[in-house]
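Some notes on the structure that comes next.
Atoms within each ligand, like the ligands themselves, are counted from 1 in listed order. In this text, all values refer to a predicted model and were calculated from it rather than measured experimentally.
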Amino acid sequence: MEMGDAVLVLSPLLVGVSAAPADAPAASGWASKIKVIRNAEYPLDVVDKLEEDMFPKVEAFLNKKIAAGKNNGCTLENAAVRREWSDMSIPDREEYVRAVTCLMKLPAKADKNKFPGAISRFDDFVAYHMTHAGVLHDNLHLFAAHKYFLYAYEQALRNECNYTGYQPYMNYDRYANDPINSPMFNGNSSSMGGNGEHDPTYRGITQNGRNPNLIKSGGGGGCVKSGPFSDMVVSLGPMTKMVANIPSNRRSDGLGSNPRCLRRDINRNAAMGATADRAYKLINGNKGIDGFYNELLGQPPPKNDPYPWGIHTAGHYIHAVDPGGDPATSPGDPVFYFHHGALDRLWWIWQMQDPDARLNAVPLIMADMPGMNHGKRQKKPVDLDKEMMDIDWIAPPIKLLEAHDNLGGNGGAFCYVYV
Ligand SMILES: *[C@@H]1O[C@H](CO)[C@@H](O)[C@H](O)[C@H]1NC(C)=O
Ligand SMILES: *[C@@H]1O[C@H](CO)[C@@H](O)[C@H](O)[C@H]1NC(C)=O
């Protein structure tokens, strides 16, 4: 509710003044530099608090770079703020929705011969993700590639569809208990579209090797009939048969045109695997990046856990059926970008607990993400300073480690925080 939104702009004047709101973050330099907006309906969870407590470290990290002349012009004052969906005002949410629907109407730039099923600019990103699953998901690049990919998408929304905000993220914890009635999925004009209609043939999504080995259907599974994306035409994919009853693509690589509705199953059983206590444990329980990476992916499968999916999988299946449930085609549901924004945020919070040790940490073990057969394990040592991050025709290649730093990386093009 817009009326309920608490808008807290921490101006320098308020810092240190006793009249500041009681729940304001501790008066530190950062709080006067970033515009914090909180929706009063959602009290801060353990990860939100961890993030607030982390900001002085972020500030110290950035001050050190500024002193060394290495911040590439990025400061906390000019950093973009990626917000949680329900912290955004309703007009801002609607502006975002308009920008996404605009991208779905602009013509594709992808090569028509290679990607005949890419009918819109929105599809360009889907087609890229479908054909570059390797570089997007191997252990060296998973985090960095998705950071860069999201940035390129955010830039397209801003530069090609005149969006004035930044990519929002989804704090799963806010919606986990009742996702269907949440501001993300309630199907009204300021949501990201509603649930799919009930499809009795949709049982859920299989989770080989986990116990339970199925994310049971939340009751949807059919076409989305409410909200901004109810008339969306999904064209690319699927690439796998992970989700039953989806008409096959006429091309085995999934890149042909296969027009169909957007299908969803807004799913509490999935969402419960991505609650804040889990994210907190993920961040605080792993000093090394390998552990963080494995736990995020739910590898090895947690035992004695009713929702043993790992946050990465849980976040995908909060909404997914088609195309969201097909790993390679998953950016075809616009909620993908909220989920990967959330993961980028968790990675950042993890990094900033100890920036000197963690900023450039790269997982060197290979976990097998369910549904993705990489077949590759990290064998030989890599020279991380030389390793490139090439997302092909989506954006120019950059060094891998340039895509590790939100605050000044990529020559300063990355300059954002999550709040
Ligand atoms: C849409 O849902 C949001 C979140 O629950 C609510 O704040 C808003 O008032 C709703 N808008 C309409 C038009 O019903
Ligand atoms: C964005 O704004 C420019 C300048 O006002 C306008 O020419 C262009 O058509 C707009 N683009 C879209 C997709 O609305």
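Counting the atoms of ligand 2 from 1 in the order shown, those under 4.0 Å from a heavy atom of Cys102 are 13 (C). Every atom of ligand 1 is numbered from 1 in the order shown, and the set under 4.0 Å from a heavy atom of Asn186 is 1 (C), 2 (O), 3 (C), 4 (C), 5 (O). Residue contact check: Ser190 has heavy atoms under 4.0 Å from atoms 1 (C) of ligand 1. Those atoms of ligand 1 that come under 4.0 Å of a heavy atom in Pro183, given as number and element, are 4 (C).
With Phe143 as the partner, the side chain to side chain contact (heavy atoms under 4.5 Å, CB included) test is satisfied by one option alone out of Tyr293, Trp350, Tyr148: Tyr293.
The local environment of CZ in Arg251 is crowded, with over 12 non-hydrogen atoms from other residues, nucleotides or ligands closer than 6.0 Å. Heavy atoms of other residues, nucleotides or ligands lying less than 6.0 angstrom from NZ of Lys57 number more than 12.
For the pair Arg82 and Tyr169, the cation-pi test (distance below 6.0 Å, angle within 45°) is failed.
In this structure, Trp30 and Val417 have side chains that are not in contact, with every pair of non-hydrogen atoms separated by 4.5 Å or more. At least one side-chain heavy atom of His404 sits less than 4.5 Å from a side-chain heavy atom of Trp347.
For atom 4 (C) of ligand 2, the closest heavy atom belonging to the protein is Asn162 ND2, 4.6 Å. Nearest protein heavy-atom neighbour of atom 13 (C) of ligand 2: Glu160 O, 3.3 Å.
Asp173 and Asn171 share no side-chain donor-acceptor pair at under 3.5 Å.
Within a 4.0 Å radius of atom 7 (O) of ligand 2, the protein has no heavy atom. The nearest protein heavy atom to atom 1 (C) of ligand 2 is closer than 4.0 Å.
Proximity of Ile90 to ligand 1, defined as any heavy-atom pair under 4.0 Å, is confined to the side chain (atoms from C-beta onward).
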